[in-house]
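A short worksheet on the structure shown next.
Proteins come first, then strands; the chains are lettered A, B, ... in the order of their sequence lines, and each starts at number 1.
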Amino acid sequence: MSDYLEGLNPPQRAAVEQMEGPMIIIAGAGSGKTRVLTYRIAHLLKNGVDSFQILSLTFTNKAAREMKERIGAVVGKSEAKNLWMGTFHSVFARILRSEADKLGYPSSFTIYDSQDTVRLMNSIIKELGLNKEQYKTKAILGRISQFKNNLITVKAYRNNPELIEADTMAMRPQMGAIYKAYVDRCFKAGAMDFDDLLLRTNELLVRFPDVLSKYQDRFRYVMVDEYQDTNHSQYLIVRALADRFQNICVVGDDSQSIYAFRGANINNILNFQKDYPDVKTFKLEQNYRSTSNIVEAANSLIEKNKTRLDKTIFTANDEGGKIKIMRTLSDGEEGRWVANSIFENAMNLQKTYDDFAILYRTNAQSRAMEDALRKKGIKYKIYGGLSFYQRKEIKDLLAYLRVIINPNDEEALKRVINYPARGIGATTIDKLTIAANHYGKSMFNVLQDLDNTDIKIQGATKNKLVNFSNLIEGFQISAQANNAFEVADEVVKRIGLIKDLQGDGTPEAVSKVENVQELLNGVKDFIEERKEQDLDNSLTAFLEDVALATSQDSKEDDEPMVSLMTIHLSKGLEYPYVYIPGMEETLFPSAMSINTRSELEEERRLFYVAITRAETQCYLSFAHTRYRWGKLIDCEPSRFLEEIDEKYIEHLAPQRDKVVANRFVDSNLFEDDIPRDKIRFRKPVSRSIRNQDKPAEKKTPFKQPQNLKRVTPSLAQKLGTSKPAQKLAVGNKVNHAKFGNGEVLQVEGTGVNIKAEVKFEGIGTKKILLQFAKLNILE
DNA sequence: ACAGAAAAGATTTTT
DNA sequence: TCTTTTCTGT
């Protein structure tokens, strides 16, 4: 019966068998963390713990679902069903729904996604008459998010001179007013943003001790996965809930903390031992995922971080291939190289495309990869980006459903009030907004009571408004009698959505219609699935599911495809072959994150996460030029490349071509790594042909030579320094244009500061900065 | 009120 | 480069 314990190594087993008291499992990458978590819950259940008493918080819905399935396999499905398992946001949304009235919210409160909050903030800034250059929507929202994650309410903000001072200094003196307006509007709309789901939970637990007591008593065993990525708000919730029984088990890896930018506090995991002095610590240090080359390379990288918990990741796996680094001229060439390499590996090693992943720092990098993959005929899927539920046609339909459930949901209302177009324009909406603010009512209430408001709206427009509000009220009545699918279907038919989308029959239009159809099917599936499991299948439940769904949660495809995603999204996943393009300064590490040590360390952890996704082979690449912001810019290899111990690395880029090198040195152009064909043939031919039918002044004639000139000096420097440590070794015989022949005695420094000590015949020893030296390797 | 044109903005990561 | 916002004229 307890055979599930057999396959575990000693620390894994010890962690599984530790049932009571505070404990922390420090789980290195690929150390079988999910297994331990799963079996630990199974173990609790087997030992008589009631499944209703376990709360398990994960980072993604997907992780929760998978874990539930695996537990179900061990202890039986019906038992697993009772577990409270999910993301912080989804679990606490559920709790907040049942306790909403205590906080003055309707239990059918809406969850605002980031699109909604941006729209709301835009209108607030406009209404307050603020300069939008000075008050950037995103920056303001980011600041408010910070406040909320640290439980700083509007009141607390106003009583905090330091915060006010900081905002005043940052040229945002109206921050407090904006914050208040934002919170008020959300509240009035019966809406919570993502941060509210945590903040309001805290409020609930603090203000209502009986509620806290209830949930403390209910959740006698609390588990938190990815603890290194919890923020302060989450930290407090967890601590409060576990306070009575102290059966709290957190799992995480400080080396994989990559969400500081959205408030994650790595100190939560670093200080856990201080919070619970009698904590039991378990370390899972054996990596089962990757080859030893990958594990060791990642170790050598992460050692460069100063703030770390003490642990040593090791593996018993094969050595495997070294980490391969490729250098290319341009981002386009980088993409082609990746696509080719995937194609060849799949072919030669008999792998399917499922075995490959391309992980990048920024979403913008996907394009070059996509282009190359498409040309090569390789199927791929992109995770992240616009999820299905964020597409316009879907959001529009969802907005109708939201208004039906919660007519005070202003963002949804504004979305649908004139969609499909029914002649209610911006002017009218502005008037309604003003009236709503003035009377302290929701916009929909104003609509229902037009006669008792003194806003000047023309008769024709007024009719349209009345028709609209009647339409919604009709839906609401229907929603009381019919299920979610029937309501959604009725909405689509009544507003003529399909007809509106069909339009001109372009492929885009067709796909929009299909999307709407798919959403309807989705509602149907949802209802049936929930019915089967005897769960809430209301429209409200559906909308909540959708609001908290992420792109990772989409269904699996049957056809094998290469996976493309940001490194952030890749956390928790693993692939045999991993490609990490764009290993360049200002891209990775990002230019925004090189100013402080902690930011840089987070970037390094991000790189660590990326490398450790790989099971058998990891490829890194960088380009010398890249299109960014529509401009061709020069790039320098990432500093991270030099931080991996050389012995785990193999460079794939061709070595310097000496003949070419010499020729270029003579003319003071020594970008000898550029293959000759590339110099001649990069696009100018086709461009000049295309330019023939364009006005002369618009064309950029022979951009190529221009680029060469502009690029030359710096590119030369970079090529000279790109891998000098490897290229220029002690003992090399070199030639210098001025000093003649010599022998390398020493190489020191990094990046642009690499120096070589060279003994020249008849001249003596010189220290030369490779960045400027015109050295040719003779042997 | 709306379509088409011009200008601005974006690219760090997201539950 | 490509998308989104704002302006302009009807």
Side-chain angles (χ1 to χ4, degrees), chain A residues 57-64 86-93 111-115 117-119 122 126 132-133 136-138 141-142 145 148-149 192-199 225-226 229-231 233-234 257-264 331-332 359-368 371 383-387 389-390 392 418-419 421-430 458 460-461 464 544 547-553 565-571 582 584 586-595 599-600 602-603 605-607 609-610 626-633:
Chain A
L57 298 166
T58 57
F59 201 66
T60 62
N61 296 310
K62 192 181 164 200
T87 62
F88 275 90
H89 293 89
S90 63
V91 165
F92 295 117
I111 298 171
Y112 273 176
D113 68 9
S114 30
Q115 262 181 53
T117 56
V118 165
R119 282 163 176 252
N122 279 337
K126 200 166 139 196
K132 62 182 178 180
E133 307 292 308
K136 299 267 188 194
T137 311
K138 274 189 170 173
L141 284 170
S145 178
K148 289 187 174 178
N149 284 332
M192 297 201 197
D193 64 17
F194 289 136
D195 300 320
D196 280 330
L197 294 175
L198 307 174
L199 178 72
D225 192 9
E226 309 281 11
D229 285 323
T230 52
N231 63 32
S233 192
Q234 291 167 321
S257 164
I258 54 175
Y259 282 102
F261 72 91
R262 82 171 193 222
D331 47 353
L359 310 179
Y360 35 77
R361 178 68 240 270
T362 68
N363 281 309
Q365 287 169 260
S366 76
R367 178 168 299 136
D371 287 347
Y383 292 79
L386 256 202
S387 88
Y389 295 114
Q390 287 171 339
K392 185 182 175 298
N418 196 33
Y419 180 81
R422 48 175 73 89
I424 302 172
T427 329
T428 312
I429 293 173
D430 282 348
Q458 286 192 326
T461 312
K464 291 171 189 164
E544 178 180 311
L548 297 175
T550 63
S551 36
Q552 272 189 65
D553 300 327
M565 68 191 87
T566 62
I567 299 168
H568 282 89
L569 274 181
S570 77
K571 196 171 71 164
E584 293 142 31
T586 74
L587 185 57
F588 195 15
S590 158
M592 326 287 274
S593 310
I594 50 177
N595 298 318
E599 283 174 337
L600 188 63
E602 174 147 319
E603 292 284 301
R605 289 192 296 268
L606 192 57
F607 187 30
V609 167
R626 176 178 298 277
Y627 276 98
R628 284 177 91 181
W629 312 284
K631 283 199 181 103
L632 191 67
I633 60 150

B/S/- along nucleotides 5-10 of chain C (protein heavy atoms under 4.0 Å) is -S----
Heavy-atom closest pair, residues A:R628 and A:L587: NH2-CD1, 3.7 Å
Hey, are the side chains of [X] and [Y] touching, using non-hydrogen atoms and a 4.5 Å cut-off?
X      : Y      : answer
A:L359 : A:M565 : yes
A:K571 : A:Y259 : yes
A:E602 : A:F261 : yes
A:K126 : A:N122 : no

Distance-only side-chain donor-acceptor flag, A:D193 / A:T117, under 3.5 Å: no
What I want to check is whether the side chains of A:T58 and A:D225 have a donor and an acceptor closer together than 3.5 Å. no
Could you check how far [atom1] of [X] sits from [atom2] of [N], rounded to whole Å?
X      : N      : atom1 : atom2 : answer
A:H89  : B:dT15 : NE2   : C1'   : 5 Å
A:D371 : C:dT1  : CG    : P     : 13 Å
A:K62  : B:dT15 : NZ    : C1'   : 16 Å
A:L548 : B:dT15 : CG    : P     : 10 Å

Okay, side chain of A:R605, backbone of A:S257: is any donor-acceptor separation there less than 3.5 Å? yes
Please list each protein N or O that sits under 3.5 Å from an N or O in nucleotides 1-4 of chain B, with the distance.
{"unit_1": "B:dA1", "atom_1": "OP1", "unit_2": "A:G425", "atom_2": "N", "d": "2.8"}
{"unit_1": "B:dA1", "atom_1": "OP2", "unit_2": "A:T427", "atom_2": "OG1", "d": "3.3"}

What's the gap between C:dT4 and B:dT13 when it is taken at their P atoms, as a whole Å value? 15 Å
I would like to know whether A:V609 and A:S570 meet side chain to side chain contact (heavy atoms under 4.5 Å, CB included); could you show each step before the answer? CA-CA 8 Å; A:V609 167; A:S570 77; 4.3 Å; yes
Could you list the protein-to-nucleotides 9-13 of chain B atom pairs, N/O on both sides, closer than 3.5 Å?
{"unit_1": "B:dT11", "atom_1": "OP2", "unit_2": "A:K138", "atom_2": "NZ", "d": "3.3"}
{"unit_1": "B:dT12", "atom_1": "O2", "unit_2": "A:R361", "atom_2": "NH1", "d": "3.0"}
{"unit_1": "B:dT12", "atom_1": "O2", "unit_2": "A:R361", "atom_2": "NH2", "d": "2.5"}
{"unit_1": "B:dT13", "atom_1": "OP1", "unit_2": "A:N363", "atom_2": "N", "d": "3.1"}
{"unit_1": "B:dT13", "atom_1": "OP1", "unit_2": "A:N363", "atom_2": "ND2", "d": "3.2"}
{"unit_1": "B:dT13", "atom_1": "O4'", "unit_2": "A:R361", "atom_2": "NH2", "d": "3.3"}
{"unit_1": "B:dT13", "atom_1": "O2", "unit_2": "A:R361", "atom_2": "NH2", "d": "2.7"}

Find the runs of at least 3 consecutive base pairs, i with j, i+1 with j-1 and so on, that include DNA chain B, using Watson-Crick or G-U wobble geometry with both distances under 3.5 Å. B:1-10 with C:1-10
With sugar-phosphate meaning primed atoms plus P, OP1 and OP2, does A:F59 contact a base, only sugar-phosphate, or nothing at under 4.0 Å between heavy atoms? sugar-phosphate
Not counting sequence neighbours, which residues clear side chain to side chain donor-acceptor pair (under 3.5 Å) with A:T362? List them please. A:Q365
Pair A:H89 + A:F59: ring centers closer than 6.0 Å: no
What do you reckon, are the aromatic ring centroids of A:F88 and A:F194 less than 6.0 Å apart? no
By side chain to side chain contact (heavy atoms under 4.5 Å, CB included), A:S90 pairs with (sequence neighbours left out) A:N61, A:T87, A:L548
